[in-house]
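Heads up, the thing below is written out as structure tokens.
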Protein chains: 2
Amino acid sequence: MNLKQLSQLLGLSQTTVSRALNGYPEVNEATRERVLRAVKETGYRPNKAAQRLATGKAGSIGLVMPMAPGHQSDIHFGEFLAGLGEEAVRQDFHLVIMPSDPDDEVAALRRLAISGNVDALFVAYMRAHDPRLAMLKSLAMPFIVHGRSFGSEPDYPYLDIDNETAFYDAAKLLLQLGHTRFALINGPAHLDFAIRRKNGVVAALSERGLTLSKNCVSHSLMTDEQGLIAMEQFLQMPERPTAVLCSSTVLALGAIRALNQAGLKLAEDISLIAHDDELPLLKPENFSVPLTTTRSSLRAAGARIAQRLIGTVKEIGSYPEHELWKAELIVRASTGPAPR
Amino acid sequence: MNLKQLSQLLGLSQTTVSRALNGYPEVNEATRERVLRAVKETGYRPNKAAQRLATGKAGSIGLVMPMAPGHQSDIHFGEFLAGLGEEAVRQDFHLVIMPSDPDDEVAALRRLAISGNVDALFVAYMRAHDPRLAMLKSLAMPFIVHGRSFGSEPDYPYLDIDNETAFYDAAKLLLQLGHTRFALINGPAHLDFAIRRKNGVVAALSERGLTLSKNCVSHSLMTDEQGLIAMEQFLQMPERPTAVLCSSTVLALGAIRALNQAGLKLAEDISLIAHDDELPLLKPENFSVPLTTTRSSLRAAGARIAQRLIGTVKEIGSYPEHELWKAELIVRASTGPAPR
DNA sequence: CCCTATGTCCAAAGCGCTTTCAATTATGTA
DNA sequence: TACATAATTGAAAGCGCTTTGGACATAGGG
């Protein structure tokens, strides 16, 4: 069933049927209903390829999926993708993904853009001075960045959470509890969010004249395995930290295992605050000791980005160039006064 | 730059240029070269949407990505996707993904199919009596299944590894080493591969008159966390197993951590064989005790599936309905004679 | 030398939509 | 009653490609 057949069946022109379907105002409501009913009955679906050709819109947003070691297993990416996908499905858009080696991302992005299969791009895992930005800006195709690129001019649309403030606040809380020896189990050092989170901690500490020594910061993939390793190392230090910040509840999972193995008690011997991306598998309140967290939904961010991207493509609604979401500091049981 | 402009520039008809580009035989070689050169110079790229409309082929293959708890973090899926993607990129195809709740997969698959954005489908994570099969078969769109569906007629195209034989062989090896008390750390119980792997083990054991008791089989997500938990439970049994099979090196990672914590020695106290999907992050030879494994590349399987799907769409080459890959049994240091 | 193959190339007809431009009818307004 | 205006609807022209059905040479066969 195509438009022509449908319109003949209704005794209308293709024009009118098309307009009725696409919500144009200049069509009689009675007619529109008749059309809509016929669509239901016949199961008519417009041919996407034809729509694309006629409108120049592909109806899909593209993203490059980092695929090589170091990224592929990232549970956070999956969660974010779920948000993107949710919204995309709702708006009948598609996600076109191009898997790529992280070293080849700029080229992959370009290929995706000129392939003509997407009308907007999305990128994540921003790094400091990210080379993809220049490429994206040269492309004349809408895009949004999740995160920011430390050190680059903020002249690109992004949605990010205020990592700096989140970790500043978290550190501040721990300082107020009397802690002075801090450690940070962070994500990969080159990623923007990791840089900002560290900066947040450093800023809070320096207000009290404290510093965060290099060996009290761990940078790694955000797996529980890595969390465990990092914490084990901290515990072996002569003056071990009493306040630990984690960039993810996944890292926290491993870190806490290390604590347990060492026979240490959360909140009593060591206070821990983790950033909670609201991973459904890993709710901070379900930890044996409920975790104090800075919370911000990764899935919601994904959905919002999809919404903005699709809105831009459809040319409905306009959006602020930048969105910076505040993370919520939620105090649970993993934080307590510094031991003396 | 479009076809029309390009052909005018060359003083040829669109027909000829189109034919030259698509490798039709009825065009003079000299002309073809001239065209190809012009394409290089002008950077002409055919408009995908127009091609799609004219040919009816979308140039992309679709898959539903399980997104809800229980799947989203699956490192194995990422690896498989990398294979799919690699081949897709090579053939200038796209991957269109539709994220979906696992409970909603049938509907998601249908939406994807009728969206007109893909011309072939791929599904994985096959379950016993998988309901998606009936839907796929009703769809008149090429598809391939990774894995099989236990209990369903094998009247659908699939690519699978011979899980049963792989685990049969692995169990056999352990039997020859004198082991009699077996345990299996398996994937989710409803998944086909898990069923077959268990069957393989059971078959090998029953040849010696042995059985695999229910509490010696663990079914869970294939994370190292789960591997650790499973092994811990096995170790608490009065007659603890001496031979353990793991459905993934990821599970093995956790299992071995449990062993270490219990002060047990791999190969000496407990022999372990894991299935190795060749995850780049987790090479069995890099374990502190190199792992005996059954090996089969998940990435290669992904690439092969993409190749078949794309080949079918392009109508080049024909493929066997079924491919069953043998896994390789590779003996390393994690297996040894049964302790007495 | 005529006729049939064979090799090349082209005009034009779609593919199934959207959208411009125009026509037609209904609705007010003076 | 006549005319401007708004409300509906249609015809037809693309969008950029593929492909069918010839056209026109040139070559080979008798």
Side-chain angles (χ1 to χ4, degrees), chain A residues 1-36 38-39 42-60 92-94 114-119 313-316, chain B residues 1-36 38-39 42-60 92-94 114-119 313-316:
Chain A
M1 171 69 62
N2 59 27
L3 225 211
K4 190 170 181 181
Q5 295 171 310
L6 181 66
S7 59
Q8 277 169 352
L9 188 138
L10 283 162
L12 290 167
S13 71
Q14 295 190 38
T15 313
T16 305
V17 177
S18 171
R19 285 207 267 244
L21 292 176
N22 295 313
Y24 279 64
E26 64 264 56
V27 41
N28 189 304
E29 271 316 308
T31 313
R32 190 193 304 277
E33 270 176 36
R34 210 153 66 81
V35 170
L36 259 20
V39 166
T42 59
Y44 165 78
R45 302 222 40 178
N47 179 309
K48 281 270 180 189
Q51 279 183 321
R52 285 175 56 162
L53 184 55
T55 60
K57 312 266 154 106
S60 56
D92 197 24
F93 259 58
H94 280 268
I114 63 177
S115 79
N117 267 323
V118 302
D119 25 42
V313 170
K314 287 188 174 170
E315 293 176 338
I316 51 178
Chain B
M1 170 71 62
N2 58 26
L3 227 210
K4 190 170 181 180
Q5 296 170 308
L6 181 64
S7 58
Q8 277 169 352
L9 188 138
L10 282 162
L12 289 168
S13 71
Q14 295 190 37
T15 313
T16 303
V17 177
S18 170
R19 283 192 177 128
L21 291 176
N22 294 313
Y24 280 64
E26 65 265 58
V27 39
N28 190 304
E29 271 316 309
T31 312
R32 190 192 306 276
E33 269 176 38
R34 212 154 65 82
V35 171
L36 259 20
V39 166
T42 60
Y44 164 78
R45 301 222 40 177
N47 178 309
K48 281 268 182 193
Q51 277 182 321
R52 284 174 57 162
L53 184 56
T55 60
K57 312 267 154 109
S60 56
D92 197 24
F93 259 58
H94 280 268
I114 64 178
S115 78
N117 267 323
V118 302
D119 25 42
V313 170
K314 287 188 175 170
E315 292 176 338
I316 50 175

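These numbers come from the heavy atoms of this one structure, side chains and all, not from hydrogens, waters or symmetry mates. A note on names: the letters A, B, ... follow the listed sequences, proteins ahead of strands, and every chain is numbered from 1.
The neighbour count for E26(B) CD, taken as heavy atoms of other residues, nucleotides or ligands under 6.0 Å away, is above 12. In the displayed structure, K4(A) atom NZ is contacted under 6.0 Å by at most 12 heavy atoms of other residues, nucleotides or ligands.
Summarising the geometry, the separation between CG on L3(A) and P on dC15(C) is reported as 13 Å, rounded to the nearest angstrom. A straight line from CG of L10(B) to P of dT8(C) spans 17 Å, rounded to a whole angstrom. Residue Q5(B) contributes atom CD, which lies 14 Å from atom C1' of dC17(D) at whole-angstrom precision. Atom CD of Q8(B) and atom P of dA11(C) are 11 Å apart (whole Å). Rounded to an integer number of Å, the gap from K4(A) NZ to dC15(C) P is 7 Å. To the nearest angstrom, C1' of dC15(C) lies 10 Å from CG of N2(A). The CD-C1' distance, from E26(A) to dT18(C), rounds to 12 Å in whole Å. Spacing between atom CG of L12(B) and atom P of dT8(C) amounts to 14 Å, rounded to whole angstrom units.
OP1 or OP2 of dT18(D) sits under 4.0 Å from a side-chain N or O of N22(B). Here T16(B) does not reach the OP1 or OP2 of dC9(C): none of its side-chain N or O atoms lies under 4.0 Å away. Here T31(A) does not reach the OP1 or OP2 of dT8(D): none of its side-chain N or O atoms lies under 4.0 Å away. One finds no side-chain N or O of Y24(B) lying less than 4.0 angstrom from the OP1 or OP2 phosphate oxygen of dT18(D).
A salt bridge between K48(B) and D92(B) is present, with a side-chain N of the basic residue lying under 4.0 Å from a carboxylate O of the acidic one.
With respect to R19(A), the side-chain contact (heavy atoms from CB on, under 4.5 Å) criterion is satisfied by exactly one of T15(A), N22(A), L21(A): T15(A).
Considering every non-hydrogen atom in both M1(A) and Y44(A), the closest pair reads O-CD1, 3.5 Å. Minimum heavy-atom separation, G59(B) to D119(B): N-OD2, 3.0 Å.
Side-chain contact between Q5(B) and T42(B) is absent, with no heavy atoms from C-beta onward closer than 4.5 Å.
The CG atom of L3(B) sits 9.0 Å away from atom CD of Q51(B), with the distance rounded to the nearest 0.5 Å. Of the inter-residue distances, the one linking N28(B) atom CG with R32(B) atom CZ reads 9.0 Å to the nearest 0.5 angstrom.
Residue G116(B) is classed as having no contact, given no heavy-atom separation below 4.0 Å to the nucleic acid.
Comparing the local axis fitted to the first five base pairs of the helix from dC1(C)-dG30(D) to dA30(C)-dT1(D) with the one fitted to its last five gives a bend of 50°, rounded to 10°.
At a non-hydrogen distance threshold of 4.0 Å, L53(A), A54(A) from residues 42-58 of chain A come into contact with DNA chain D.
Here the side chain of Q14(B) is nearest to one of dT18(D), dC17(C), dT20(C), namely dT18(D). Taking only side-chain atoms of S18(B), from C-beta outward, the nucleotide of dT18(D), dT18(C), dC17(D) with the closest atom is dT18(D).
If you check distances only, the side chain of T15(A) never reaches the base of dT18(C) with a donor-acceptor pair under 3.5 Å. The base of dT8(D) has none of its N or O atoms less than 3.5 Å from a complementary donor or acceptor on the side chain of R34(A).
Between the side chains of N117(B) and R52(B), at least one donor-acceptor pair of N or O atoms lies under 3.5 Å.
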